[in-house]
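These values consider heavy atoms only, across backbone and side chains, with no hydrogens, waters or symmetry-generated copies.
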Amino acid sequence: MSAIFDFSSVLMILLLMICTCTYLRELRPAIFDGSKPRDANMPAHLHREGLPGFCWKLSRVGERLSPFVGGSCVLMALYVLWK
């Protein structure tokens, strides 16, 4: 079955993307900032669009909710082991 149609697989992919984006942002903090020139009058959060913006949001979730993300990863690992 495709990972799109199985809820546990969707959760696993989401958790892996959160962890990966958070790790990449720890290695290189400006990786998801984009290469567009910034307008001085516009806030920085308006420039985060598309895939880099989505990855930036996932990395922020991983940074701010790291205990919950870690606990979810442990629970998902136990689910996969005893599935």
Side-chain angles (χ1 to χ4, degrees):
M1 181 182 282
S2 177
I4 297 172
F5 301 115
D6 189 18
F7 185 68
S8 64
S9 297
V10 170
L11 285 178
M12 187 181 315
I13 289 171
L14 185 64
L15 282 172
L16 287 173
M17 287 180 64
I18 289 172
C19 293
T20 302
C21 291
T22 305
Y23 178 72
L24 288 175
R25 191 151 189 260
E26 284 292 320
L27 287 179
R28 296 188 179 194
I31 192 168
F32 300 127
D33 286 344
S35 60
K36 293 183 196 175
R38 304 237 186 254
D39 184 13
N41 297 329
M42 292 185 71
H45 71 275
L46 295 178
H47 293 287
R48 295 188 176 99
E49 299 171 338
L51 185 62
F54 183 67
C55 291
W56 180 83
K57 289 176 185 176
L58 289 176
S59 69
R60 294 301 287 177
V61 167
E63 288 174 356
R64 294 185 180 192
L65 298 175
S66 60
F68 298 110
V69 172
S72 299
C73 287
V74 169
L75 289 175
M76 185 58 73
L78 293 173
Y79 173 76
V80 168
L81 286 174
W82 282 290
K83 183 176 168 182

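Scanning both residues, Thr20 and Leu16, for their nearest heavy atoms gives OG1-O, 2.7 Å. For the pair Leu58 and Leu14, the tightest heavy-atom approach, listed with the atom from each and the gap, is CD2-CD1, 4.2 Å.
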Would you be so kind as to tabulate the donor-acceptor pairs closer than 3.5 Å made by side chains of residues 63-81, with sequence neighbours excluded?
{"unit_1": "Glu63", "atom_1": "OE1", "unit_2": "Arg25", "atom_2": "NH1", "d": "3.4"}
{"unit_1": "Glu63", "atom_1": "OE1", "unit_2": "Arg60", "atom_2": "NH1", "d": "2.9"}
{"unit_1": "Glu63", "atom_1": "OE2", "unit_2": "Arg25", "atom_2": "NH1", "d": "2.9"}
{"unit_1": "Ser72", "atom_1": "OG", "unit_2": "Phe68", "atom_2": "O", "d": "2.8"}

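Considering CG of Leu27 and OG1 of Thr22, their distance stands at 11.0 Å, rounded to 0.5 Å. If you take SG on Cys19 and CG on Leu24, they are separated by 11.0 Å, rounding to the nearest 0.5 Å. Annotation: the span from Cys21 atom SG to Phe54 atom CZ amounts to 7.5 Å, rounded to 0.5 Å. Put simply, CD1 on Ile13 and CD1 on Ile18 are 12.5 Å apart, with the number rounded to the nearest 0.5 Å.
When hydrophobic clusters are built by joining Ile, Leu, Val, Met, Phe, Trp and Tyr residues whose side-chain heavy atoms come closer than 4.5 Å, directly or via intermediates, Val61 is not grouped with Tyr23.
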